[in-house]
Amino acid sequence: MGMGRARGVVLVGMDGRLIEVEADIGQSLPAFILLGLPDASLRESQDRIRSAAKNSGIELPARRLTVNLLPASLPKSGSVLDLAILMSAWAADGKVTGTEGIVFLAELGLDGRLRPVRGVLPAVAAAQGAGARTVVVAEANAQEAALVPDMTVLAGTHVTQVAAAFATGSLRSRLREVPGLDRWSTDPVPADSVTTSAGLRSFTSGGAHSTAVCADGALELADVHGQQEARFALELAAAGGHHLLLIGAPGAGKTMLAERMAGILPPLDDQAAMEATAIESIAAEPQAVTQLRRVPPFQAPHHSASMAAIVGGGARIARPGAVTRAHRGVLFLDEAPEFPRHALDALRQPLETGKISLHRAAGSVTYPARFQLVLAANPCPCGLNVGSGSRCRCSVAQRRNYLARLSGPLLDRIDLQIQVDRPRSAADALGPPGESSAEVRTRVLAARDLQRRRLAPWGIATNSEASMQLLTGGLRLPAAATTHIDAALDRASISLRGYVRVLRLAWTIADLLASDRPGADEVDAALQLRQSADRR
């Protein structure tokens, strides 16, 4: 009897930690001792592992088995270490060899089947970062694991396959080697190569009315008739990564517009696709991820959602919420004033930092949360306080208190605040369709390319990421261009944060116009678009 070693990975939020699994078989009474701060769910693996070994025909010896999970000071949970623990135990018993340095990621069934687990993509990426080069996973997780480039991925369906592979040393003859990616491309993803989660091609570069096809049907911007100011605001938001507030009467088209935002955003580049897919791997059911997500995510939680559902939460290590699942995409809050006030105000930190930090008694985690926020709201509880407001039956206090649920600090972080009016006539509502998603998206891609080239020296890619130091330093505009916004700041009609966001928006307007830099007209237009909803 000797020592056996294998490797596994546990996730703390999005961060994978490589775990060294040591097994020792002693000469005392039978026992299964698991060390290294395992939680209750991990302690349950002891019975699963013994049953899986027995039912596979390679029982563990009737001796004292001690398994140590290193680093011992890191709390560990879940079933992802099942296979690693069993392989280290068999190695200690001399049943298998060559397990040192191999990463095993799979849950065990009582019959010895390899079952998929959540978070395989970030786990394999963490293993690669720690120097591992070979990983063994369940067949159902094989395609997901192969998304990490330059890793040897071996997949099996039953633990007997894994045992036979490491007993004979012929890994590839016993386990299926999954073809992976040799490298990441560095070029932007072609516009005509985006595939939706339903496996259907979208934004094909053919007709003028190409349809963005998603799992729930077509969401084509051409379906929106009229609403020129709101459509332009949507295009600006997509081009620069800006946040957007749409205020208008029921039926004006606020939801319809917001649902088409993701359809005009650029496809995710390799880094963003890896991040979005890793989040999906953690949040979705096991084996749900089979390819990199190139389409920006779109999250639209109901207004009854709790703060934990919005920002993330849980009893022990907090799980990701809607702000993280919308990372690199769109978070749409319809009927925004109906959301709990504390849930809305919890958005302020991720809007500024692009991440959310959640603290629990068992530890703290930080999730990425760089999303575009789109809010839609009625002007009052009945929704009819538009124009002269003659049809509105809400009291003055009701009107004031309704939109006051959107706090000033939250609204100050919204770049575009637009009034969306109902169509004034049947001709407006039923007239010719507007530009298609593909046409608008072409301009968005061109504007993003200008931003990427201009902002590359500062390590950012969109105007929405430009800091005050940058906008008043390397990208400072001449005084003649900022006369009106300077005056607005002097009379305190906008805050310093609002000043910066107007400048960011002005740069995006200039990019859509293919101008070198914004002038007075672009800055004034940005200021008006930020204050458009105040004209209600």
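Just so it is clear, the model here is predicted, and its values are computed rather than measured.
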Salt bridge check, [Y] against [X]: does any charged N sit closer than 4.0 Å to a carboxylate O?
X: Arg501; Y: Glu352; result: yes
X: Arg50; Y: Asp47; result: no
X: Arg260; Y: Asp223; result: yes
X: Glu280; Y: Arg325; result: no
X: Arg48; Y: Asp82; result: yes
X: Asp449; Y: Arg453; result: yes
X: Asp270; Y: Arg294; result: yes
X: Arg118; Y: Glu285; result: yes

key: Steps toward side chain to side chain contact (heavy atoms under 4.5 Å, CB included) verdict (Leu373, Leu351)   = CA-CA 8 Å; Leu373 180 63; Leu351 286 176; 3.9 Å; yes

Between the side chains of [X] and [Y], does any donor sit under 3.5 Å from an acceptor?
X: Gln372; Y: His242; value: no
X: Thr157; Y: Glu139; value: no
X: Ser436; Y: Glu220; value: no
X: Ser41; Y: Ser77; value: no

Can you check whether [X] reaches [Y] side chain to side chain, under 4.5 Å on heavy atoms?
X: Asp415; Y: Leu244; value: no
X: Pro350; Y: Lys355; value: no
X: Val137; Y: Val153; value: yes
X: Arg174; Y: Thr168; value: yes
X: Ser306; Y: Phe339; value: no

inquiry  = Is there a side chain to side chain contact (heavy atoms under 4.5 Å, CB included) between Ser407 and Arg341? Walk through the geometry before answering.
reply    = CA-CA 8 Å; Ser407 67; Arg341 173 71 176 265; 3.3 Å; yes

Spacing of [atom1] belonging to [X] relative to [atom2] belonging to [Y], to within rounding of 0.5 Å:
X: Leu70; Y: Ile19; atom1: CG; atom2: CD1; value: 8.0 Å
X: Leu42; Y: Ile85; atom1: CG; atom2: CD1; value: 5.5 Å
X: Ile310; Y: His303; atom1: CD1; atom2: NE2; value: 11.5 Å
X: Asn141; Y: Leu105; atom1: CG; atom2: CG; value: 8.5 Å
X: Leu83; Y: Ile102; atom1: CG; atom2: CD1; value: 11.5 Å
X: Met274; Y: Leu147; atom1: CE; atom2: CG; value: 7.0 Å

inquiry  = Show, in sequence, the C-alpha distance, side-chain angles and deciding distance for Arg504 and Glu465, and conclude whether the salt bridge (charged side-chain N to carboxylate O under 4.0 Å, His left out) test is met.
reply    = CA-CA 8 Å; Arg504 292 173 177 174; Glu465 301 172 79; over 6 Å; no

Looking at [X], I'd like to know if its [atom1] atom is crowded, meaning that more than 12 non-hydrogen atoms belonging to other residues, nucleotides or ligands lie closer than 6.0 Å.
X: Arg319; atom1: CZ; result: yes
X: Lys95; atom1: NZ; result: yes
X: Arg113; atom1: CZ; result: no

ask   = How close do Ala126 and Val9 get, heavy atom to heavy atom, and via which atoms?
value = CB-CG1, 4.5 Å

Least distance between heavy atoms, Glu259 atom then Phe298 atom = CA-CZ, 3.8 Å

Close aromatic pair by centroid cut-off 6.0 Å: Phe371 and Phe332 =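 Between Phe332 and Phe371, which both carry aromatic rings, the centre distance is not below 6.0 Å.
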
task = Show your reasoning for whether side chain to side chain contact (heavy atoms under 4.5 Å, CB included) applies to Leu416 and Leu245.
result = CA-CA 6 Å; Leu416 288 149; Leu245 167 64; over 6 Å; no

remark   = Paired with Leu375, the side-chain contact (heavy atoms from CB on, under 4.5 Å) test is passed by just one of Leu333, Asp334, Leu331, namely Leu333

ask   = Side chain of Gln46, backbone of Ala31: donor and acceptor closer than 3.5 Å?
value = no

query = Could you go step by step and tell me if Arg328 and Glu275 meet the salt bridge (charged side-chain N to carboxylate O under 4.0 Å, His left out) rule?
reply = CA-CA 8 Å; Arg328 301 293 187 178; Glu275 294 171 0; 2.9 Å; yes

task = List the steps, then state whether side-chain hydrogen bond (donor to acceptor under 3.5 Å, both in side chains) holds for Thr290 with Gln143.
result = CA-CA 5 Å; Thr290 57; Gln143 293 302 317; over 6 Å; no

task = With side chain to side chain contact (heavy atoms under 4.5 Å, CB included) as the test, would you mind laying out the steps for Thr366 and Ile356 before giving the verdict?
result = CA-CA 6 Å; Thr366 299; Ile356 181 76; over 6 Å; no

